[in-house]
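Worth saying up front: this structure is predicted, and the values here are computed from it rather than measured.
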Amino acid sequence: MNDNTRIIKNSFILYVQLIITSIVSLISTRLVLQALGVSDFGLYSIVGGIVVMMGFLNTVMITTTYRYITFEMGKGNSTGVNQVFNICLVIHISLALLLILFAETVGRFYILNYLNVQYSKLDDAMFVFRFSVWGAFFSIICIPFQGLITAQEKFSTRASIKILRSLLRLGVVLIVISFLGNRLRLYSVLMMIVMIIPPSLYYLYCHKKYKHIIRWNFQNNWSKYKEMIVFSGWILLGAGAVVGKVQGTAIIINLFFGTILNASFSIANQVNHLILMFSKSLSQAAIPQITKSFSSGNSERTIQLAFYISKYSFFLMLFPAMLFILETEFILKLWLGEVPQYTSVFINLMIINALIEVTSSGIPAAVHATGRIKWFQIILSIISLLSLPAAYVLFMLGYPPYYILVTYIVSSIVMVIVQLFLLKRLLKFNVKEFLKKTFLRIFYVTISVSPVFFIQN
């Protein structure tokens, strides 16, 4: 099987996984909303979101892990793969311990002093928080095993485990619905168990298939530790900006409007995430190939893959995005029954923002392959986070809650433009060719489908 065929096959696997998990997730969300009620659902989203804000380490470190493992694989260095894996494992154990420390200090302080929630619900909030933290703890430790599976391009294994996780979550919801006691606490306990099961399966699979790679071999190559930690630090900055932007939005909305609007934002963010994943299925399948192409010296193929990912990711996302934008109210009523205020507006603006972002989705993978990511991460993180103080000022002036997503859209447009010129400095990247092969064709397709919106209106 050649490399391009492998990308297509893996994209198809991820697409099938996404369809199944999306359907299960939509059903689960409706049932959870009914079981917990809007207020407790909003409470879980904001408190569990604090853990997500700390658990962005998952995204950061899995990117670092498969980048370095794939880089060594591209050079044909099997000994180097084992060394990189063991370094990643030591780093992850350290980060998991830091997560516990951070949660019991900063996280606990925020909940007890600043969370906008009824005083009678503070004990529930702390209970949810602690169980969410322990779930994140085990997830972080097993990230190197997930990164190894990604680097080996075993996407069928990843897809199977993620489908299982979705089904387990649905099972949790069905149990909670029939429970007569404190449903919020039971839900948080069972969700922690669901968070632990997939990392355990990743470990068991790697132990069976790649025992020679995951063999424990403590590394004292401190320069490699430093290199990977520095790389992770810059990835951490970018991922922290993304998660901090989402969770910062939730905190600002909570500060000005309370937990009911948090529920609306959480539902909208979930819909946005599901639609965005339709486009990311292609980029996830192609990232290992981009890194291997660059490590083997084939920079031209690296750039071409970045072109194709950006273009086709937009096309993959366009159809589900149009479906939701055209029939948002109908879908929400069919899905949730009771629709929290502003949910529809949140969803439409998030989708528009995601469509803008995805037009440059191939660029970060190409930049990460080079390893020269410092200024790329710094500049984009600053641009991304500027939307939060802008939204805070707008809310102080009395603007409605959806204006925070207007600031998202403005920052995304600026980020797309900046990414093109940053990549030009790192690789011999032809901006005009990218605009011609990607943006121009995206523009033609968008114009061709736009009459649908006028006909509907």
Side-chain angles (χ1 to χ4, degrees), residues 42 45-57 59-60 102 105-107 109-117 233-270 272-273 276 341-343 345-360 364 373-422:
S45 69
I46 184 69
V47 175
I50 296 171
V51 177
V52 172
M53 186 168 60
M54 296 181 296
F56 63 79
L57 294 172
T59 304
V60 174
F102 185 82
T105 53
V106 178
F109 177 79
Y110 171 79
I111 289 176
L112 295 178
N113 293 277
Y114 293 102
L115 186 66
N116 183 10
V117 67
W234 295 123
I235 295 289
L236 179 66
L237 179 64
V242 172
V243 178
K245 182 178 177 179
V246 174
Q247 191 56 32
T249 301
I251 291 172
I252 292 174
I253 288 175
N254 177 259
L255 182 64
F256 282 91
F257 305 104
T259 56
I260 302 297
L261 264 293
N262 278 126
S264 301
F265 179 76
S266 178
I267 293 167
N269 196 47
Q270 183 178 4
N272 177 63
H273 176 72
L276 194 59
Q341 188 182 17
Y342 287 114
T343 303
V345 180
F346 281 162
I347 288 175
N348 287 334
L349 291 176
M350 279 186 178
I351 291 174
I352 292 170
N353 179 68
L355 284 169
I356 294 169
E357 287 183 344
V358 84
T359 57
S360 61
I373 62 172
K374 177 180 177 180
W375 289 108
F376 183 85
Q377 297 295 93
I378 290 174
I379 294 172
L380 294 185
S381 297
I382 291 172
I383 295 171
S384 177
L385 290 174
L386 283 175
S387 60
L388 294 181
Y392 188 91
V393 171
L394 290 175
F395 289 162
M396 289 288 290
L397 295 174
Y399 282 83
Y402 58 82
Y403 263 77
I404 196 167
L405 294 173
V406 175
T407 67
Y408 272 34
I409 292 171
V410 174
S411 68
S412 294
I413 294 171
V414 176
M415 285 171 65
V416 168
I417 297 170
V418 169
Q419 284 184 77
L420 296 177
F421 293 96
L422 289 175

Check step by step if side-chain contact (heavy atoms from CB on, under 4.5 Å) holds for Trp234 and Ile378.
CA-CA 8 Å; Trp234 295 123; Ile378 290 174; 3.5 Å; yes

Could you tell me if the side chain of Ser264 sits less than 4.5 Å from the side chain of Phe257, heavy atoms only?
no

Hey, mind stepping through Ile404 and Thr407 against side-chain contact (heavy atoms from CB on, under 4.5 Å) and telling me if it holds?
CA-CA 5 Å; Ile404 196 167; Thr407 67; 4.2 Å; yes

Calculate, to the nearest 0.5 Å, the distance between atoms CZ and OG1 belonging to Phe346 and Thr249 respectively.
9.5 Å

Measuring from atom CD1 of Ile347 to atom CG of Leu405, what distance do you get when rounded to the nearest 0.5 angstrom?
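If I round to the nearest 0.5 Å, the distance is 11.0 Å.
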
I'd like to check the side chain to side chain contact (heavy atoms under 4.5 Å, CB included) partners of Val416; sequence neighbours left out, ordered by chain and number.
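By the side chain to side chain contact (heavy atoms under 4.5 Å, CB included) rule, Val416 matches Ile356, Thr359, Ser360, Phe439.
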
Partners passing side chain to side chain contact (heavy atoms under 4.5 Å, CB included) against Asn353 (at least two apart in sequence or in another chain):
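Listed in chain order: Glu357, Tyr408, Ile409, Ser412.
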
List, one per line, each side-chain donor-acceptor pair under 3.5 Å for residues 379-398, sequence neighbours excluded.
from	atom 1	to	atom 2	distance (Å)
Ser381	OG	Leu237	O	3.4
Ser381	OG	Gln377	O	2.6
Ser387	OG	Ser384	O	2.9

Between Tyr342 and Pro400, the two heavy atoms sitting closest are OH-CB, 4.2 Å

